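Worksheet for the structure shown next.
Computed from a prediction, not measured in an experiment: that's the story for all the values here. Chain identifiers are assigned alphabetically (A, B, ...) following the order of the sequence lines, protein sequences preceding nucleic acid strands; residue numbering begins at 1 within each chain.
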2 protein chains.
Amino acid sequence: MTQRRIAELAGVSQAAVSLVLSGRTDTTTRLSDATRQRVLDVLHETNYEADPAARSLAGKSNNIVGVFTYESAFPAEASDFYAPLLTGVESAAEELGADLLMFTSSRTHDGPRRLLREGSRLRLADGCVLLGRHMDAGELARLVELEYPFVAVGRRDGDARVPYVGADYASAVGELVDLAVARGHTKLTYAALPFDAESTRDRLAGFVAATRKHGVSSRVVTRSSGEAEKLARDVDVHGSTVVFVEDPVEADRLVAHIESEGRAVPRDLSVVALGEHARRDEAARDVTRLVAPRTALGAEAVRLLARIMSGEVDESIETRVLLPCSIVEGSTLADRR
Amino acid sequence: MTQRRIAELAGVSQAAVSLVLSGRTDTTTRLSDATRQRVLDVLHETNYEADPAARSLAGKSNNIVGVFTYESAFPAEASDFYAPLLTGVESAAEELGADLLMFTSSRTHDGPRRLLREGSRLRLADGCVLLGRHMDAGELARLVELEYPFVAVGRRDGDARVPYVGADYASAVGELVDLAVARGHTKLTYAALPFDAESTRDRLAGFVAATRKHGVSSRVVTRSSGEAEKLARDVDVHGSTVVFVEDPVEADRLVAHIESEGRAVPRDLSVVALGEHARRDEAARDVTRLVAPRTALGAEAVRLLARIMSGEVDESIETRVLLPCSIVEGSTLADRR
DNA sequence: CGCTGCTGATGATACGCATAATCACATGAG
DNA sequence: CTCATGTGATTATGCGTATCATCAGCAGCG
C-alpha cells in the first residue's frame with residue numbers, strides 16, 4: 001500500500017495524500033476540506049502508514065531511538081546492570097511513541113562492541129542512547145563530529161560536547177558522609193575501586209569535599225575486589241570507625257569478614273556502600289548505602305535525546321544532567337554519640 | 001557520504017560502486033579487476049556503509065529483526081518471562097549480525113499492544129519475532145496474508161500457516177506422568193489454569209495421553225490462582241496422591257498450604273509443577289517440575305526467522321518447531337512403591 | 001570493409017515519500 | 001474585456017541505492 005494507491009482510491013494525486021498526512025496548513029500548500037476528508041477516509045479504511053524507509057530517504061525522521069550497549073544486555077550477568085536502565089528507556093520510548101533499535105550486531109570478533117563499525121546502520125535511528133560502563137572516548141568524539149544526536153548514560157566529562165544523563169554520586173556520597181559525621185564518626189576510610197571511570201572519580205570527589213567540609217580525619221585506599229581481609233586490616237591500622245566501600249559486593253564481603261572474626265557490624269565497625277547490586281541476597285545485611293536511580297536514568301536519557309533530536313538545542317537546553325541518588329539508611333552505620 | 005561521492009573519488013560511475021558493493025560477478029554485470037580494486041580502496045578509506053533506508057527502498061533487506069512483545073518487556077514484573085527469551089533473541093541476532101528493532105511504540109491507550117496498528121513501521125525490519133502469552137489470532141492471520149515474515153514464540157496451532165517455535169510441553173508432562181507412575185502413583189489430579197492458551201491445551205494433552213497410556217486414574221480440575229485451599233480439598237476428595245499444578249506459583253502456594261495444615265509434602269501429597277517462575281525464592285521447596293527452554297526458544301525463533309527471510313521456505317523447511325523441556329526432579333514427588 | 005560477439009563501463013529508471021514549482025480556474029477590480 | 005489575485009490541486013524533482021538496458025570500444029572473422 002503506497003500513497004499512489006491511496007491517491008487512486010481517493011481520486012487525487014500522490015502529493016495530495018502526502019499533504020494530508022503531513023497535516024500542514026500553510027498558505028503554500030492548500031487542500032479543500034472536502035478532498036482532505038476524502039483522503040482521510042481512505043487512509044482510515046486502509047490503515048495506511050508511510051514507509052519509514054522512504055520517509056527517511058526523503059529527509060524525515062521516524063521516531064526510532066537507537067540503543068547501543070557496550071556489552072550484551074540481556075544475559076543474567078549483565079542484566080543486573082542493564083535491566084533497570086532498559087526499563088526506563090523502554091517506558092520513555094513508549095511515551096514518545098518511539099521504537100527502539102538495538103544495535104546488537106556490532107560485536108567484533110574479540111573486543112568489545114564498537115558503534116561506528118556499524119557505519120550508517122546508525123542512521124536508521126534518529127538518535128541513539130549509549131549504555132555501558134566503558135565507552136570509548138574516541139568514538140564519542142567522532143559521534144560529536146558527525147553531529148549525530150546521542151546521549152550517554154553515565155557521567156562523561158571528558159569531552160564537554162558529550163551530552164549525558166548521570167547519577168549525582170558526589171552529592172549522595174556527601175550526604176552519607178554528613179550522616180556518618182552526624183552520628184559521631186570522626187575517622188573515615190574510603191575504599192576505592194581501582195578503576196578510572198567517571199563515576200569513580202565522582203564518588204571520591206564527594207567524599208573528599210564532605211570530609212574536608214566537616215574537618216574530619218579521612219583516608220583513601222584503593223582495593224581490588226576480593227580483598228576484604230586486607231581492607232579490614234587497613235581500617236584497623238587507621239583506627240577508622242566507618243568504611244565507605246565503593247563496590248557494593250565488596251561491602252557485603254567486608255561485613256561477612258568482620259562478623260566471621262567475631263566482631264559485629266556496626267558495633268565494632270560501620271560499613272557504608274556506595275552503590276547497590278541488583279542480585280542482593282535477601283538474607284544479607286541491609287547495608288547503609290546509596291541507590292542510583294537507574295530506571296530514571298534510562299528514561300531521562302531518552303527524553304533528553306528527544307529534545308536534542310527535535311532541534312531544541314539552542315544553548316538554553318542543559319545537555320548534561322545529573323539525577324539525585326537515594327539513600328538507604330540500612331543497619332550498618334552505628335550511632336557513636 | 002554517498003555512492004556518488006565514492007564514485008567521484010574513484011573516477012567511476014555510481015552504478016559501478018553499487019556493483020562492487022553487491023559483489024556480484026554475473027555475465028550481465030562486469031567490472032575489470034582494476035576498477036573494482038580502485039573502488040574497493042576508496043570504500044575502505046572512507047569507511048562507507050550504504051544508507052539502510054535507501055537500500056530498503058530499493059528492495060534490499062537490512063539484517064534487522066523486529067521484536068514485538070505484547071506487553072512491556074523490561075519491567076521487573078514482566079522480565080521474569082521476557083528476559084530469558086530476549087537473551088536468546090539477542091544472542092542469535094548477534095550471531096547473524098542482525099540488529100533488533102523493538103516495537104515499543106504500539107501501545108494503545110488502554111488495551112494490549114497491537115502490532116498492525118504500527119502499519120509499515122514493521123517493514124523496516126526484514127521480519128519479526130512475536131513474543132507474548134496472548135497473541136491475537138486475527139493479527140497473526142493478517143500477517144500471514146501480508147506475506148510478512150514472522151515467527152511466533154510459543155505454540156500456535158490455530159492457523160496452520162503460522163510459523164512458531166514452542167516448548168514441547170506435552171512430552172515433558174508425559175515424562176513427569178511416567179515418573180509419577182514409576183514411583184507408584186495411581187491416582188493423579190491435574191490442576192489446570194482457566195485459560196485457553198495453546199500451551200495450556202498442550203500440557204493437558206500430554207497429561208491425558210500419558211495417564212491413558214498407563215491406565216491410571218486421573219482427574220482434571222480448573223482452578224484460578226490463589227485457590228490453594230480449594231484445590232487441596234478437591235485432591236483429598238478424589239484421593240489422589242499427586243497433583244500436577246500447571247501454575248508454578250500456585251504449586252508453591254499449595255505446598256505451603258499443605259504444610260500449614262500440619263501435613264507434609266511429599267509424604268502426604270506429592271506436588272508437580274508444570275513450569276517455572278524465574279523469581280523462585282531460593283528458600284522455597286525444590287518442587288519437582290519441568291523447565292521450558294526459554295533462552296533456546298528465543299534464539300531458535302530468530303534462526304528460523306532468518307531461514308524464512310532468506311527465502312528457503314521451500315516446503316522442505318519445518319516452520320513449526322518444538323524444543324524439549326527439561327525436567328527437574330526436585331523433592332516433592334514421593335516414591336510410593 | 002562490414003558484421004558479429006564480447007568486454008567494461010555508464011545512463012536511466014524505479015523504489016515511496018516530501019516538497020517546491022507550477023498550473024487551471026474562478027473571482028473581483030480596474 | 002483584461003489583468004491581478006487567490007484558491008485548489010497537480011506536476012516535477014530529489015533523496016541514495018540496485019539493476020536493467022544500453023553504449024563505446026575492440027577484436028575476430030568472413
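Following rounding to the nearest Å, Asp51(A) (CG) and dA14(C) (P) show an atom-to-atom distance of 18 Å. As rounded to whole Å, 15 Å separates atom P of dG16(C) from atom CG of Leu21(A). Rounded to an integer number of Å, the gap from Gln3(B) CD to dG16(D) C1' is 7 Å. For Arg4(B) and dC15(D), the CZ to C1' distance is 10 Å, given to the nearest whole Å. Nucleotide dA18(C) holds its P atom 11 Å from the CG atom of Leu57(A), rounded to whole Å. The CG atom of Leu19(B) sits 9 Å away from the P atom of dT19(D) (whole-angstrom rounding). What separates CZ of Arg123(A) from P of dG16(D) is a distance of 9 Å, to the nearest Å. Rounded to whole Å, the distance from CG on Asn62(A) to P on dC15(D) is 18 Å.
Within residues 5-17 of chain B, the residues approaching DNA chain C are Val12(B), Ser13(B), Ala15(B), Ala16(B), by heavy-atom distance under 4.0 Å. Of the residues in residues 31-40 of chain B, those placing a heavy atom less than 4.0 Å from an atom of DNA chain C are Leu31(B), Ser32(B), Thr35(B), in numerical order.
Checking side-chain atoms of Arg55(A) against main-chain N and O of Lys60(A) turns up no donor-acceptor pair under 3.5 Å. Arg155(B) places no side-chain N or O within 3.5 Å of a backbone atom of Val165(B) that could act as its donor or acceptor partner.
Considering only side-chain N and O atoms, Lys60(A) lies under 4.0 angstrom from the phosphate OP1 or OP2 of dT19(C). Between Arg55(B) and the phosphate of dA18(D), there is a side-chain N or O to OP1/OP2 separation shorter than 4.0 Å.
A cation-pi geometry, defined here as NZ or CZ lying under 6.0 Å from the six-membered ring centre and within 45° of its normal, does not hold between Arg123(A) and Tyr148(A). Both the sub-6.0 Å distance and the 45° axial angle are satisfied by Arg133(B) relative to the ring of Phe81(B).
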Go through the steps to decide whether Ile64(B) and Leu124(A) satisfy the test side chain to side chain contact (heavy atoms under 4.5 Å, CB included), and finish with yes or no. CA-CA 11 Å; Ile64(B) 293 180; Leu124(A) 252 187; 3.3 Å; yes
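Of the charged side-chain nitrogens involved, none lies within less than 4.0 Å of a carboxylate oxygen, so that Glu139(A) and Arg142(A) do not count as a salt-bridged pair. Ion pairing of Arg307(B) with Glu300(B) is present here, as a side-chain N (NZ or NE/NH1/NH2) and a carboxylate O approach within less than 4.0 Å.
Comparing dT19(C), dC15(D), dA18(D) by their nearest atom to the side chain of Arg24(A) picks out dT19(C).
Mapping Ala54(B) and Arg30(B) onto DNA chain D via the closest heavy atom, the residue that lands nearer the 5' end is Ala54(B).
Tyr164(A) and Asp157(A) share a side-chain donor-acceptor pair at under 3.5 Å.
Residues Phe103(B) and Leu122(B) form a side-chain contact, since some pair of their non-hydrogen atoms from C-beta on lies under 4.5 Å apart.
Nucleic acid contact for Thr2(A): sugar-phosphate only, since backbone atoms but no base atoms lie under 4.0 Å from a heavy atom of the residue.
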